[in-house]
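Just below is one structure, and these are the notes that go with it.
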Amino acid sequence: MSLSSWTFHRSAQRALGWIQRRCMSVRPAESNDKVNNDPRKKVTIQTLKTLKSANIPITMLTAYDYPTAVSASSNALIDVTLVGDSLAQVCLGYTSTTQLTLPEMIHHARAVARGTTHPLLIADMPFGSFHVSNDNAVENAIRLIREGQVEAVKLEGGEEVVPIVRRLTRIGIPVMAHVGLLPQKHLAMSGYKVQGRSAAGAKRVINDALALEDAGAFAVLVEGVPKELGKHLTEKLQIPTIGIGAGPWTSGQVLVWDDIMGTWCGHKAKFVRRFADLKTPRDKGVQDYAQAIRERMFPSEDTESYTMDPSELAKLSD
Ligand SMILES: Nc1nc(=O)c2c([nH]1)NC[C@@H]1CN(c3ccc(C(=O)N[C@@H](CCC(=O)O)C(=O)O)cc3)CN21
Ligand SMILES: CC(C)C(=O)C(=O)O
Ligand SMILES: [Mg+2]
């Protein structure tokens, strides 16, 4: 594609996106003027801080490919799109997130980036991509930004990842921290268990979160903790908290795409709410399609087939 037609293509795409988004829903009217009611307006790290201070819940949803990214961008209500390493399980069929590689994450992040408009775009740093050394963590975070085309990275861990978070934020890579239940540690923890139920456990999570805020994290994701701890952390931290299984009082909430759509067939955690049931109509679509072929009901001779001019057809048997 030539440079001028490429430029035209991009600006036409942008204009089309603008028109589409203008036609889509905006936030409820009762929200105040701090809210991003303008779907053309890009959500930034500053937006998230403003939302926390205005006490307006931050909305975050995972996406793993172009169509899910387009859907997550389809109205102004979603603030953040996360290319979570849950990608491993819900999209790639691995048994855990520890099996996901950095090239796989980059491949999906790029696709999500192509479909993302106003939401802030964040990718998880996969297991092993930030543990070997600080230099290696920086290299891999740069790959996610440059090749994966995301705007920030998220990484799991407490005090042990503070030096990495400090290094990344200092060189201008925004970091979302992730504390509480850490799925990448399921092997060491013998499963997925709610964290911080005891006072001592809760203090560990609080100290982790405070250290990560001090290291420069712009927000902290809090997974699988009692609701009281979710509230306490949100009050104690300056930066926004995004909860998943952390109760209703965090600065925002996140869930996995397939969990809200009802298409995930594996274990359903207590914190999951299905907001749609797409599995039933999806599987019925497959069944109806196959059945129509078997019964020679597809394709229709009239409306779904091409025709040949009869005179040309006659020549075939000459
Ligand atoms: N579909 C899906 N949704 C997710 O939220 C998710 C993934 N996959 N994969 C990556 C991680 C793994 N996550 C998980 C996995 C299991 C539990 C879980 O079974 N929790 C128990 C806690 C029991 C307890 O300690 O009391 C539960 O029953 O809710 C929680 C989070 C969250 N992430
Ligand atoms: C569950 C969310 C928080 C996540 O980290 C993921 O989707 O990988
Ligand atoms: Mg994750």
Side-chain angles (χ1 to χ4, degrees), residues 58-65 68-69 72 78-102 104-105 108-109 112 119-130 144 148 150 152-157 161 175-198 201-202 205 217 219-230 240-247 250-276 278-279:
I58 297 163
T59 59
M60 177 158 147
L61 177 60
T62 71
Y64 311 107
D65 55 19
T68 54
I78 293 290
D79 299 311
V80 186
T81 297
L82 172 71
V83 194
D85 60 351
S86 49
L87 162 67
Q89 286 157 291
V90 301
C91 207
L92 301 179
Y94 290 130
T95 53
S96 100
T97 57
T98 50
Q99 290 166 282
L100 187 76
T101 66
L102 182 66
E104 287 170 329
M105 173 53 87
H108 284 261
V112 171
L120 180 71
L121 182 57
I122 308 178
D124 263 338
M125 292 196 75
F127 175 74
S129 72
F130 57 98
L144 277 173
V150 299
V153 299
K154 176 164 82 60
L155 53 92
E156 290 183 18
V161 298
V175 176
M176 178 179 279
H178 181 154
V179 302
L181 192 164
L182 305 178
Q184 290 182 4
K185 287 192 178 162
H186 77 99
L187 295 168
M189 307 291 284
S190 305
Y192 304 90
K193 291 174 186 149
V194 169
Q195 299 294 302
R197 276 193 154 129
S198 66
V205 178
V220 56
L221 191 143
V222 183
E223 177 165 356
V225 302
K227 57 185 186 282
E228 296 84 358
L229 179 54
T241 56
I242 310 290
I244 174 164
T250 49
S251 319
Q253 297 290 333
V254 61
L255 280 178
V256 163
W257 174 274
D258 299 79
D259 288 337
I260 73 163
M261 297 304 172
T263 48
W264 171 241
C265 304
H267 173 74
K268 179 181 171 291
K270 183 181 167 103
F271 55 72
V272 168
R273 188 189 294 183
R274 292 187 177 132
F275 287 86
L278 299 194
K279 188 180 180 301

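Every number for a ligand or one of its atoms is a count from 1 in the order of the listing. As a basis for the values below, the full set of heavy atoms in this structure was taken, side chains included, without hydrogen atoms, waters or symmetry mates. For this chain, numbers begin at 1 and follow the sequence in order.
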* To do: Have a look at the Mg ion (ligand 3) and estimate, to 10 degrees, the angle subtended by OD2 (Asp124) and OD1 (Asp85).
  => 80°
* Asked: Would you say Lys154 and Val175 make side-chain contact, with heavy atoms under 4.5 Å?
  -> no
Once you restrict both partners to nitrogen or oxygen, which atoms of ligand 2 have a protein partner under 3.5 Å, and how far apart are they?
unit_1: ligand 2; atom_1: 5 (O); unit_2: Asp124; atom_2: OD2; d: 3.2
unit_1: ligand 2; atom_1: 5 (O); unit_2: Lys154; atom_2: NZ; d: 2.8
unit_1: ligand 2; atom_1: 7 (O); unit_2: Ser86; atom_2: OG; d: 2.5
unit_1: ligand 2; atom_1: 8 (O); unit_2: Asp85; atom_2: N; d: 3.0
unit_1: ligand 2; atom_1: 8 (O); unit_2: Asp85; atom_2: OD1; d: 2.8
unit_1: ligand 2; atom_1: 8 (O); unit_2: Ser86; atom_2: N; d: 3.0
unit_1: ligand 2; atom_1: 8 (O); unit_2: Ser86; atom_2: OG; d: 3.3
unit_1: ligand 2; atom_1: 8 (O); unit_2: Asp124; atom_2: OD2; d: 3.0

* To do: For Ser86 and Gln89, test the side chains for any donor-to-acceptor distance below 3.5 angstrom and give the result as yes or no.
  => no
* atom 23 (C) of ligand 1: the protein heavy-atom neighbour that sits closest, reported with distance to 0.1 Å -> Tyr192 O, 4.1 Å
* Work out which heavy atom in Leu144 is nearest to a heavy atom in Met105; give both atom names and the distance. => CD2-CG, 3.7 Å
* To do: Could you tell me which atoms of ligand 1, counted from 1 in the order shown, lie closer than 4.0 angstrom to a heavy atom of Val256?
  => 1 (N), 3 (N), 4 (C), 5 (O)
* To do: Any chance you could lay out the side chain to side chain contact (heavy atoms under 4.5 Å, CB included) test for Thr97 and Phe127, step after step, and finish with the verdict?
  => CA-CA 7 Å; Thr97 57; Phe127 175 74; 5.8 Å; no
* Please verify whether a non-hydrogen atom of Gln195 lies at under 4.0 Å from ligand 1. => no
* Would you check whether Lys270 has a nitrogen or oxygen atom less than 3.5 angstrom from a nitrogen or oxygen atom of ligand 1? => yes
* Determine whether the side chain, the backbone, both or neither of Gln184 has a heavy atom under 4.0 Å from any heavy atom of ligand 1. => neither
* Considering non-hydrogen atoms only, spot the tightest contact between Phe271 and Gly245 and give its length. => CB-CA, 3.4 Å
* Roughly how far, to the nearest 0.5 Å, is OG of Ser129 from CD of Gln184? -> 7.5 Å
* Asked: Polar-atom distance check: Val194 versus ligand 1, any N or O pair below 3.5 Å?
  -> yes
* **Sequence-distant partners of Lys227, salt bridge (charged side-chain N to carboxylate O under 4.0 Å, His left out), two or more places apart** => none
* Asked: So which heavy atom on Val205 is nearest to which on Val179, and how close?
  -> CG1-CG2, 4.0 Å
* Provide, to 0.1 Å, the distance between atom 8 (N) of ligand 1 and the closest protein heavy atom, together with that atom's residue and name. => Val90 CG1, 4.0 Å
* Rounded to the nearest 0.5 Å, what separation is found between the CD1 atom of Ile78 and the OG1 atom of Thr59? -> 4.0 Å
* To do: Specify the protein heavy atom at minimum distance from atom 19 (O) of ligand 1: its residue, its atom name, and the distance to 0.1 Å.
  => His267 NE2, 2.9 Å
* Structure fact -> Under 4.0 Å from one or more heavy atoms of Trp264, ligand 1 contributes atoms 1 (N)
* Just let me know how Asp259 lines up against ligand 1, side chain, backbone, both or neither, with a heavy-atom cut-off below 4.0 Å. => side chain
* Structure fact -> All heavy atoms of Ser96 vs all of Ala88, minimum pair found to be O-CB, 3.6 Å
* Closest heavy-atom pair and its distance - Ser251, Pro240 -> OG-CA, 3.5 Å
* Shortest reach to atom 11 (C) of ligand 1 by a heavy atom, considering only Pro183, Cys91, Ala269 -> Pro183
* Asked: Are any of the heavy atoms in Glu223 under 4.0 Å away from ligand 1?
  -> yes
* Structure fact -> In ligand 1, the atoms that come under 4.0 Å of a heavy atom of Ser86 are 7 (C), 9 (N), 10 (C)
* For Thr97, take its heavy atoms, then give the atoms of ligand 1 lying under 4.0 Å from any of them. => 10 (C)
* Residue pair Tyr64 / Asp258, side-chain heavy-atom distance below 4.5 Å -> yes
* Structure fact -> Heavy atoms of Thr81 and Pro119 approach each other most closely as OG1-CB, 3.4 Å
* Structure fact -> Under 4.0 Å between heavy atoms, the region of Gln89 that gets near ligand 1 turns out to be side chain
* Would you say Leu61 and Val254 make side-chain contact, with heavy atoms under 4.5 Å? -> no
